[in-house]
Every structure is written in structure tokens, then in C-alpha cells.
Number of protein chains: 2
Amino acid sequence: MDYPPDAFARACASRVVLDRIGDRWTVLIVVALADGPLRFSQLREKIEGITPKVLTQTLRALERDGVLTRTVFAQVPPRVDYELTELGRDLLAPIDAIRVWAEQHAARIVTNRERYDEAADQLL
Amino acid sequence: MDYPPDAFARACASRVVLDRIGDRWTVLIVVALADGPLRFSQLREKIEGITPKVLTQTLRALERDGVLTRTVFAQVPPRVDYELTELGRDLLAPIDAIRVWAEQHAARIVTNRERYDEAADQLL
DNA sequence: GTACTCAGTATCCAATAGATACCGTCGATG
DNA sequence: CATCGACGGTATCTATTGGATACTGAGTAC
């Protein structure tokens with residue numbers, strides 16, 4: 001992998017975007033919506049462990065960026081659908097590359113951590 | 001982009017890894033080290049805005065995961081080199097995919113945000 | 001009028017990030 | 001001999017964010 005000389009400068013230029021993606025829940029939400037729109041409660045179930053407050057916050061931020069759309073249906077009980085935009089669907093490919101890397105190396109990383117922690121324990 | 005039926009479950013399995021990558025500074029550090037090892041102070045300069053505390057924390061976490069190595073030279077003044085491992089270098093490709101996406105869409109995202117915020121202002 | 005669904009808020013507390021100041025080693029300098 | 005400076009960090013404190021839990025409001029079904 002070769003980077004042109006100004007690669008890092010350009011990385012900085014897009015830091016504002018990376019900050020958004022580099023969020024604990026963003027990737028999970030985008031992947032959850034890969035197969036089509038979901039309602040708020042469906043996202044909540046699919047993404048185990050997220051609280052409604054944080055889900056709302058993250059969804060609003062993604063809507064703001066144009067990664068997904070939020071559609072309110074005038075019904076009772078209320079219904080709100082979240083769906084990836086083209087921009088969001090474009091994001092699936094790079095996210096998938098990260099996911100593949102993570103899956104391929106997850107086991108190795110876990111053992112690395114264990115070894116590191118053991119070594120640290122020895123020093124005490 | 002097609003996902004197999006259990007794609008999301010597997011994404012969850014690697015969440016522990018994603019949590020590490022999905023950190024504000026990790027991506028920047030890995031990219032900074034793409035061209036070869038750097039010293040602590042060099043990283044500090046290259047990654048504008050990072051405080052020494054957070055840089056130390058993030059570097060230690062990445063060392064723990066085996067993404068980079070930390071080499072202390074017995075010199076005065078001290079010298080410590082940080083260098084990507086093979087695992088870390090493998091990570092460059094997927095990170096690059098994200099970076100490319102970010103660069104391609106950064107301008108669009110910024111205008112999306114402006115439009116969203118304007119619309120929100122209208123409502124007040 | 002009571003209960004229920006759904007999509008969120010409100011409130012409060014804990015964990016994390018960030019700013020700033022400081023430390024220890026030791027060789028070079030005066 | 002005192003002191004200055006380089007380097008790679010810690011220590012301490014505060015601000016921001018994340019998380020747990022409880023609650024709300026509209027309306028329809030009972």
C-alpha cells in the first residue's frame with residue numbers, strides 16, 4: 001500500500017467525516033440497515049445494547065450527514081422508518097472491508113491482548 | 001453489496017475489534033505510521049490536536065492488540081519508536097477504503113449538514 | 001376510562017476525552 | 001558544580017460524552 005506524499009494531509013481534511021464514522025454505533029447502524037429500511041424499535045432490537053437516547057442521537061447525526069433518511073408516517077401508534085441513502089449505501093463497501101479485516105483478525109487480536117495483559121501482570 | 005443472512009451476527013462478533021478501530025485517533029495513528037516508524041514526538045506533530053495523554057493511551061491500546069510495536073532505545077534523551085506490525089499494515093487497505101470514501105463525499109456531507117441545520121433553524 | 005403500542009425525552013450518574021502543568025534522566029554548557 | 005535542554009511521557013483537574021432508567025403523548029382498541 002503506497003500513499004502519495006500528501007496522503008496524511010488529505011486524511012486530515014476528511015477528519016470531520018472520520019469522526020462521524022469512528023463512532024461506537026454508526027457502523028453497526030449502517031450495517032443493520034444494509035438489507036432495507038427499519039423502524040426505530042427494530043433497530044433497537046437488532047443492535048443489542050444500544051439505549052434509545054444514544055440511538056436517537058446517532059440516527060439524527062446520520063440523517064444530518066445525509067447517510068440515511070427518516071420518514072415519519074402519520075399513524076398511531078407512530079411509525080418512523082430509517083433507510084440508507086445512496087451515500088449511505090456507498091459506505092457499505094468500505095465498512096465491509098473493515099468488517100472483513102476485523103473478522104479475519106479478531107481471534108489473533110484477542111490472544112494478543114491476553115498475552116499483553118499477562119506480561120503486564122508479571123511486572124507487578 | 002450483498003450480505004449473507006448472518007452478516008450482522010458476525011459483525012457483532014467482531015464488535016470488540018470495531019470498538020478499537022472506531023476510536024477518534026486510531027485511524028489517524030495507523031495512517032501516520034504507514035510510511036514507516038515514528039517517534040512519540042513525531043506522531044504528536046503529525047497528528048495535530050492530539051494531547052500526549054490520549055496519544056499514550058491510544059498507542060498502548062494498539063500495542064496491546066498487536067497492531068504496532070513500541071521499541072525503547074536506551075539513550076538519553078530517550079527514544080521510543082512506534083512501528084506497524086504486519087497486522088497493522090494489513091489494516092491500511094481497509095482504512096484506505098474508508099478514507100477514500102470520506103474524501104470523495106466530504107464536501108457533500110458538509111453541505112448536507114448545513115442544509116439540515118438551516119432547516120432546523122427554520123423551525124425555531 | 002383503562003390499557004396498550006411506539007418513538008422517542010428527561011433526568012441523573014459514570015466513564016472518557018481534553019487542557020495544562022509537571023517529572024526524571026543525563027549529557028552538554030558555562 | 002549548577003543549570004539547561006531534549007524527550008517521553010504522568011498527574012491532575014475539568015468538560016464532554018455515554019449509559020441506565022424512568023417517563024411522556026397521541027390515539028385506538030377494549
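Quick note on labels: first sequence line is chain A, next is B, and so on, each numbered from 1.
- The side-chain heavy atoms of A:Gln57 and A:Lys53, taken from C-beta on, include a pair separated by under 4.5 Å.
- Between the CH2 atom of A:Trp25 and the P atom of D:dA20 there is a distance of 8 Å, rounded to whole Å.
- With rounding to whole Å, B:Asp23 atom CG is found 18 Å from C:dA15 atom P.
- Here A:Phe73 lies out of heavy-atom contact (under 4.0 Å) with every strand.
- The side chain of B:Val76 lies closest to C:dT25 when the candidates are C:dT25, D:dG8, C:dA17.
- A sub-4.0 Å separation between OP1 or OP2 of C:dC6 and a side-chain N or O of A:Ser41 is absent.
- Nearest nucleotide to the B:Thr56 side chain, out of D:dG9, C:dC26, C:dA7: D:dG9.
- Atom CZ in A:Arg39 sits about 13 Å away from atom P in C:dT5, given to the nearest Å.
- Residue A:Thr51 has its side chain nearest to D:dA20 when only C:dA7, D:dG9, D:dA20 are considered.
- Of the candidate nucleotides D:dC7, C:dA17, D:dG18, D:dC7 has the atom lying nearest to any side-chain atom of B:Pro78.
- Phosphate contact (OP1/OP2 of C:dG18, side-chain N/O of B:Arg24, threshold under 4.0 Å): present.
- Of the possible polar contacts, one joining the B:Thr26 side chain to the B:Arg20 backbone as a donor-acceptor pair under 3.5 Å is found.
- Atom CG of B:Leu38 is separated from atom P of D:dC7 by 14 Å (rounded to the nearest Å).
- Listed candidates were D:dG18, D:dG8, C:dA7. Nearest to the side chain of B:Phe40 is D:dG8.
- The 5' end of DNA chain C is approached more closely, in terms of each residue's nearest nucleotide, by A:Pro77 than by the other of A:Arg44 and A:Pro77.
- Here the P atom of nucleotide C:dG18 and the CD atom of B:Gln57 are 9 Å apart, to the nearest Å.
- Remark: C1' of D:dG18 and CG of A:Leu59 are 16 Å apart, rounded to the nearest angstrom.
- Rounded to whole Å, the distance from CG on B:Leu55 to C1' on C:dA17 is 14 Å.
- Listed nucleotides: D:dC7, C:dA7, D:dG18. Nearest to the side chain of A:Lys53: D:dG18.
- When distances run from any side-chain atom of B:Pro52 to the nucleotides D:dG19, D:dG9, D:dG8, the shortest one goes to D:dG9.
- At whole-Å resolution of the value, CD1 in B:Ile50 and P in C:dG18 are 8 Å apart.
- The structure places OG1 of A:Thr56 at 11.5 Å from CD of A:Glu63, a figure rounded to the nearest 0.5 Å.
- The closest side-chain heavy-atom distance from B:Ile109 to A:Leu87 is below 4.5 Å.
- Side-chain contact check for A:Arg115 versus A:Asn112: some heavy-atom pair is nearer than 4.5 Å.
- Dashed line: the shortest gap from a side-chain N or O of A:Arg60 to OP1 or OP2 of C:dT9 is under 4.0 Å.
- Distance alone, capped at 3.5 Å, places no donor-acceptor pair between the B:Arg70 side chain and the B:Val80 backbone.
- For B:Arg70, taking side-chain heavy atoms from C-beta onward, the closest of the listed nucleotides D:dG9, C:dT9, C:dA17 is D:dG9.
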